[in-house]
2 protein chains.
Amino acid sequence: MGLTKSEFFTEEQNEIAAIAKVLGHPARIAILEFIIKLETCVCGDLVKDIGLAQPTISQHLKELKKVGIIKGTIEGTSVCYCIDEEKWDSIKNKFNNFLNKNATENCCS
Amino acid sequence: MGLTKSEFFTEEQNEIAAIAKVLGHPARIAILEFIIKLETCVCGDLVKDIGLAQPTISQHLKELKKVGIIKGTIEGTSVCYCIDEEKWDSIKNKFNNFLNKNATENCCS
DNA sequence: CTTATTAATCGTAATATTGCAATAAATAAA
DNA sequence: TTTATTTATTGCAATATTACGATTAATAAG
């Protein structure tokens, strides 16, 4: 089928999975790290930095935009991408919350 | 193509993406939460709790085992699954590290 | 207006993922 | 040994993802 049965899960579970899914590709991790590293807006240097073709990078940027991690503003012929700080913080909270659910002991340890 | 070009990225980028990818499905989030909630070993209650078919759950468990988040020990006819605490902590560190890379200011804020 | 430059979109091929029915494997119980 | 019980594996269909060439859209420069 290839179709996730989202209706079986809670809103929260679907949400964290959706974010994790977007982070689940090294190109998108690399893009985010690149944007963060520059501490300023990025235009088209991503294609040069990462080895992938321009349409591929554009597609990954679209994915990142779709979940709201980054936002892009047009600047002449190029586009300025940067982290959406609010969204980033909310993601950080969600992951922290999830990862802290686990106690340090269980039956197998 | 459908084939990720891992050789374009650093070990670290591939690693965090691989973990995020596994977390990128609500069923696997639900499975982890269920195991954690019980604070004890889980056998086959997952199938009842989550609505998916047994082979589907088994497949998701396999994915989780593959990256080492959970481990399973055989107990009679059933299998006891639990979190690999060490791996969990390392994942927590990796995500924290990644999510803390972002400063709170940039050109767009 | 014409010509770069830059990024998005379209179309498509290759591969991966999701889900499940059917079946197998492995142990426990009778 | 036979029969449950429980989980894993196989095989397959439907859908999603990844990547890129070709093209389009939009602005800038000449």
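Just so it is clear: chains get the letters A, B, ... in the order the sequence lines come, proteins before strands, and each one is counted from 1.
Between A/Phe9 atom CZ and C/dG19 atom C1' the separation is 11 Å, expressed in whole Å. Between B/Leu46 atom CG and D/dA8 atom P the separation is 11 Å, expressed in whole Å. Distance A/Lys21 NZ to C/dA16 P: 16 Å, rounded to the nearest Å. Atom CD of B/Glu75 is separated from atom P of C/dA29 by 13 Å (rounded to the nearest Å). Atom CD of B/Glu63 is separated from atom P of C/dT18 by 7 Å (rounded to the nearest Å). Atoms NE2 (A/His25) and P (C/dT17) sit 11 Å apart, rounded to a whole Å. For B/Ile57 and C/dT17, the CD1 to P distance is 18 Å, given to the nearest whole Å.
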*asked:* Across nucleotides 3-11 of chain C, 5' to 3', mark each nucleotide with B, S or - according to how protein heavy atoms within less than 4.0 Å reach it.
replied: --BSBBB--
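Nucleic acid contact for A/Leu52: sugar-phosphate only, since backbone atoms but no base atoms lie under 4.0 Å from a heavy atom of the residue.
Under the rule for a side chain to side chain donor-acceptor pair (under 3.5 Å), B/Thr77 has no partner lying at least two apart in sequence or in another chain.
The NZ atom of B/Lys65 sits 13.0 Å away from atom NZ of B/Lys71, with the distance rounded to the nearest 0.5 Å.
Counting non-hydrogen atoms of other residues, nucleotides and ligands closer than 6.0 Å to CD of A/Glu11 gives a total of 12 or fewer. Within 6.0 Å of the CD atom in B/Glu86, the count of heavy atoms belonging to other residues, nucleotides or ligands does not exceed 12.
Between A/Thr4 and the phosphate of C/dT18, there is no side-chain N or O to OP1/OP2 separation shorter than 4.0 Å. Put simply, B/His60 has a side-chain N or O that comes within less than 4.0 Å of OP1 or OP2 on C/dG19.
Close placement of the B/Trp88 and A/Phe98 rings is indicated, their centers lying within 6.0 Å of each other.
Shown here for A/Val67 and A/Ala18, the closest heavy-atom pair between the two residues is CG1-O, 4.5 Å.
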